[in-house]
Amino acid sequence: QVQLVESGGGLVQVGGSLSLSCAASGGLFGTYVVGWFRQAPGKAREFVARITESGRNTDYADSVKGRFTISRDNIKNTVDLQMNSLQPEDTAVYYCAAGTTYAVVPQGYRHWGQGTQVTVSS
């Protein structure tokens, strides 16, 4: 079973950038689709980005398209989320998740990290 650990969250000003990383261990990471989700206080967990097993295909939520970039390194067993032009509405706990379906809903992913807080101050 794969274990996931996110890192890279923190406090950033509006317009700034952060890079999140998701490190995997304990499984065949290259066989998993990986998604990033986020959850703001009082809101449901929402899809941010996803990447196929090979890294050849990616998708983004409309709210982050053009600002966020997802990538993976199947040698290092990591998936990164580069976030640029951050806005207050990007404030949330960010989770990476691994699964076997190319899904945009949390139910499509079996393995989850513990999350990392991203706070964008105005």
Side-chain angles (χ1 to χ4, degrees):
Q1 170 164 318
V2 66
Q3 291 85 43
L4 305 172
V5 178
E6 302 95 336
S7 62
L11 175 65
V12 64
Q13 292 187 332
V14 169
S17 298
L18 280 176
S19 181
L20 305 183
S21 186
C22 174
S25 61
L28 297 175
F29 183 65
T31 65
Y32 288 97
V33 172
V34 175
W36 280 96
F37 290 79
R38 66 187 181 186
Q39 189 166 18
K43 295 188 176 181
R45 192 167 296 189
E46 66 173 3
F47 167 74
V48 174
R50 60 182 176 175
I51 189 166
T52 53
E53 297 91 327
S54 67
R56 187 170 294 122
N57 296 104
T58 59
D59 287 301
Y60 300 89
D62 287 344
S63 58
V64 307
K65 201 171 293 183
R67 301 188 297 123
F68 290 12
T69 303
I70 188 171
S71 61
R72 71 188 295 163
D73 185 330
N74 286 342
I75 302 298
K76 296 181 179 179
N77 287 350
T78 57
V79 172
D80 294 336
L81 185 69
Q82 176 65 41
M83 307 186 296
N84 299 326
S85 301
L86 284 162
Q87 301 299 314
E89 53 266 32
D90 295 316
T91 296
V93 177
Y94 283 71
Y95 299 89
C96 69
T100 56
T101 59
Y102 195 50
V104 296
V105 293
Q107 294 83 356
Y109 295 84
R110 180 176 180 181
H111 308 286
W112 290 82
Q114 82 289 349
T116 186
Q117 176 71 47
V118 171
T119 302
V120 184
S121 65
S122 56

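- Residues meeting the side chain to side chain donor-acceptor pair (under 3.5 Å) test with Glu46, sequence neighbours left out: Arg38.
- One distance of note links CG of Leu86 with CZ of Arg67; it measures 6.5 Å at 0.5 Å rounding.
- Among pairs with a residue in residues 103-122, those fulfilling ring-ring contact (aromatic ring centres under 6.0 Å, His included) read Tyr32-His111, Phe37-Tyr109, Phe37-Trp112, at least two apart in sequence or across chains.
- Screening residues 56-103 for ring-ring contact (aromatic ring centres under 6.0 Å, His included) gives no qualifying pairs among residues at least two apart or on separate chains.
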Please report, to 0.1 Å, the donor-acceptor pairs under 3.5 Å made by any side chain of residues 1-10, with sequence neighbours excluded.
unit_1, atom_1, unit_2, atom_2, d
Gln3, NE2, Gln1, O, 2.8
Glu6, OE1, Gln114, N, 3.0
Glu6, OE1, Gly115, N, 2.8
Glu6, OE2, Cys96, N, 2.8
Glu6, OE2, Gly115, N, 3.3

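- Scored by the side chain to side chain donor-acceptor pair (under 3.5 Å) test, Thr119 finds Gln117 as partners (sequence neighbours excluded).
- Under the disulfide bond (SG atoms under 2.5 Å apart) criterion, no residue pair touches residues 33-94, with sequence neighbours excluded.
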Residues 11-29 side chain polar contacts: donor-acceptor under 3.5 Å, at least two apart:
unit_1, atom_1, unit_2, atom_2, d
Ser17, OG, Asn84, OD1, 2.9
Ser21, OG, Asp80, OD1, 2.9

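- The distance from the CD1 atom of Ile51 to the CG atom of Asn57 is 9.0 Å, given to the nearest 0.5 Å.
- Contacts of Arg110 classified as side chain to side chain donor-acceptor pair (under 3.5 Å), with partners at least two apart in sequence or in another chain: none.
- Residues passing the side chain to side chain donor-acceptor pair (under 3.5 Å) test with Lys43, sequence neighbours excluded: none.
- With sequence neighbours excluded, the residues forming a salt bridge (charged side-chain N to carboxylate O under 4.0 Å, His left out) with Asp59 are Arg50, listed by chain and number.
- Minimum heavy-atom separation, Ser122 to Pro88: CB-CG, 4.1 Å.
- The shortest side-chain heavy-atom distance between Ile70 and Val79 falls under the 4.5 Å cut-off.
- The disulfide bond (SG atoms under 2.5 Å apart) analysis of residues 27-84, with sequence neighbours excluded, yields no pairs.
- The hydrophobic cluster containing Phe47 does not contain Val118, counting ILVMFWY residues as joined when their side-chain heavy atoms lie under 4.5 angstrom apart, directly or transitively.
- Remark: side-chain polar atoms of Asp90 are not paired, donor with acceptor, to backbone N or O of Ser63 under 3.5 angstrom.
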Between Arg72 and Thr78, is the side chain to side chain contact (heavy atoms under 4.5 Å, CB included) condition met? List the steps. CA-CA 6 Å; Arg72 71 188 295 163; Thr78 57; over 6 Å; no
